[in-house]
2 protein chains.
Amino acid sequence: MPTKKKPQVTAAAARRGELLGTAAEVFAEHGYNATTVRRIADHAGILAGSLYYHFDSKESMLEEILRTFLDELWDGYDTVLASRLGPRETLEALVTESFREIDRHRAAVAIYQKESRQLVTQDRFAFLAESQRRFEKAWLSTLERGVAERVFRADLDLRLTYRFVRDTVWVAASWYRPGGKHSPEEIARQYLSMVLDGIAVRE
Amino acid sequence: MPTKKKPQVTAAAARRGELLGTAAEVFAEHGYNATTVRRIADHAGILAGSLYYHFDSKESMLEEILRTFLDELWDGYDTVLASRLGPRETLEALVTESFREIDRHRAAVAIYQKESRQLVTQDRFAFLAESQRRFEKAWLSTLERGVAERVFRADLDLRLTYRFVRDTVWVAASWYRPGGKHSPEEIARQYLSMVLDGIAVRE
DNA sequence: TAATCTACCAAACACTTGTTAGGGAAGGGT
DNA sequence: ACCCTTCCCTAACAAGTGTTTGGTAGATTA
């Protein structure tokens with residue numbers, strides 16, 4: 001029976017996570033394709049070949065980064081959706097949760113934004129397509145409920161509205177920097193104010 | 001004195017434009033870095049080396065694609081800005097003009113969206129940074145005028161609002177397909193309706 | 001008809017890429 | 001003292017990259 005096995009595996013997992021973190025940042029900064037494994041290794045203070053002690057391939061690093069992010073994202077989303085709030089409150093909670101995820105996983109979100117379109121076609125990244133379907137379903141049904149309950153406008157193309165709301169939230173990852181003057185919650189509040197009430201003065 | 005010189009140069013320019021068009025589409029679909037010159041050549045029905053009869057390098061193709069797009073974009077923007085409309089009408093005209101540009105140059109816009117962040121640091125693409133500065137100035141001043149004239153809300157962070165409006169417009173290039181059921185003007189109308197008045201029902 | 005030019009091909013170049021194989025230093029376990 | 005695992009390095013590989021060179025069929029010009 002092996003003694004003292006657990007300490008090593010957690011240490012290994014910690015190192016793994018550390019390397020994935022630096023890889024995510026380099027991917028986010030230069031793009032996946034333009035990022036060489038040597039550059040990731042440089043950033044981590046080791047040599048390129050050494051990465052292959054921890055990971056099977058460059059692609060598997062990308063996969064693990066995106067999987068980890070999406071898993072945590074859906075943890076938050078599912079909690080919101082399970083609360084069975086009204087449509088407006090659901091939308092507010094989803095947006096706020098999204099900005100929190102951007103705060104926590106900004107590199108992964110940036111990568112997702114830039115690369116997901118081309119990745120979804122690969123079998124390996126089929127989970128991205130499934131996530132997108134769930135995503136669209138969650139948002140669209142919230143919007144539909146809102147229209148039915150007369151809290152959202154009925155004169156808008158809902159699919160267009162969905163893309164509008166989705167994009168306005170996630171593109172923020174391209175300029176957001178954690179530790180800035182706005183907290184995720186504050187940014188969410190302003191975004192919601194614009195999306196819900198518009199930027200024009202009411203008369 | 002050379003006779004019959006002009007027909008050739010216009011034919012050459014036409015071929016150039018043709019090749020730039022296919023290059024732009026491949027760039028937009030797979031990303032600049034992931035696009036090989038061989039794939040562009042395949043798409044055009046020639047061999048990779050033959051591209052170098054028309055262009056200096058892969059990078060110069062990218063530069064010409066983006067320059068052409070930005071030149072036409074600013075033609076439209078400058079016309080709008082020169083009209084000296086009120087802030088709300090200026091915003092409406094700029095948004096509408098943007099969607100028309102997306103309709104005309106959707107490949108170039110998609111490339112710009114995905115690659116500009118990394119390109120601006122290169123000397124060769126310094127014109128992107130200049131364009132971004134003019135862009136921010138045009139939009140921000142319009143928003144500021146709107147706040148001063150009490151047609152836009154005064155309680156919003158203007159820089160956040162600027163990024164919001166900017167992003168909501170341009171990310172549309174990632175899903176917009178010309179010839180769809182919505183014309184650029186119709187999409188602009190719906191976007192403006194959401195941005196100006198919000199998606200919530202007014203009470 | 002001969003000369004020239006246009007737009008392409010064929011084949012190679014130098015370089016970078018992701019990845020692999022073998023080795024070795026450090027350190028805890030027995 | 002020895003072994004074994006962990007984590008990294010050194011050095012190389014094969015495939016793919018952007019680009020160059022020399023050549024050539026066919027149209028255009030003189």
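Order of the sequence lines fixes the chain letters, A, B, ..., with proteins taken first and strands second; residue numbering starts at 1 for each chain. Source: prediction; values computed, not measured.
One can place CD of A:E59 at 11 Å from C1' of C:dG18, the figure rounded to the nearest angstrom. In this structure, the CZ atom of A:R15 is 17 Å from the P atom of C:dA26, given to the nearest Å. D:dC8 atom C1' lies 16 Å from atom CZ of A:R16, rounded to whole Å. For A:L19 and D:dT6, the CG to P distance is 16 Å, given to the nearest whole Å. C:dT16 atom C1' lies 13 Å from atom CZ of A:R39, rounded to whole Å. The nearest whole Å value for the distance from the CG atom in B:N33 to the C1' atom in C:dT16 is 13 Å.
A salt bridge links A:E186 with A:R189: the closest approach of a Lys/Arg side-chain nitrogen to an acidic carboxylate oxygen falls below 4.0 angstrom.
For B:R159, the CZ atom sits in a loose shell: 12 or fewer heavy atoms of surrounding residues, nucleotides or ligands are nearer than 6.0 Å. Within 6.0 Å of atom CZ in B:R15, more than 12 heavy atoms from other residues, nucleotides or ligands are found, so the atom counts as buried in its surroundings. The number of heavy atoms from other shown groups lying within 6.0 Å of NE2 (A:H182) is above 12. The number of heavy atoms from other shown groups lying within 6.0 Å of CG (A:D56) does not exceed 12.
When distances are taken from the side chain of A:K58 to each of D:dC8, C:dG18, D:dT19, the shortest belongs to C:dG18.
Side-chain nitrogen and oxygen atoms of A:H54 include at least one within less than 4.0 Å of the OP1 or OP2 phosphate oxygen of D:dC8.
With hydrogens and angles ignored, a donor-acceptor pair closer than 3.5 Å exists between the side chain of A:R38 and the base of C:dG18.
Residues from residues 41-53 of chain B placing a heavy atom under 4.0 Å of any atom in DNA chain D, listed by number, are B:G49, B:Y52.
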Under 3.5 Å, which donor-acceptor pairs do the side chains of residues 77-87 of chain B form with other protein atoms, sequence neighbours left out?
residue	atom	partner	partner atom	Å
B:Y77	OH	B:S98	OG	2.5
B:D78	OD1	B:R134	NH2	3.0
B:D78	OD2	B:R134	NH2	3.3
B:T79	OG1	B:D75	O	2.8
B:S83	OG	B:T79	O	2.8
B:S83	OG	B:V80	O	3.2

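A:S60 comes within 4.0 angstrom of nothing in the nucleic acid, heavy atoms only.
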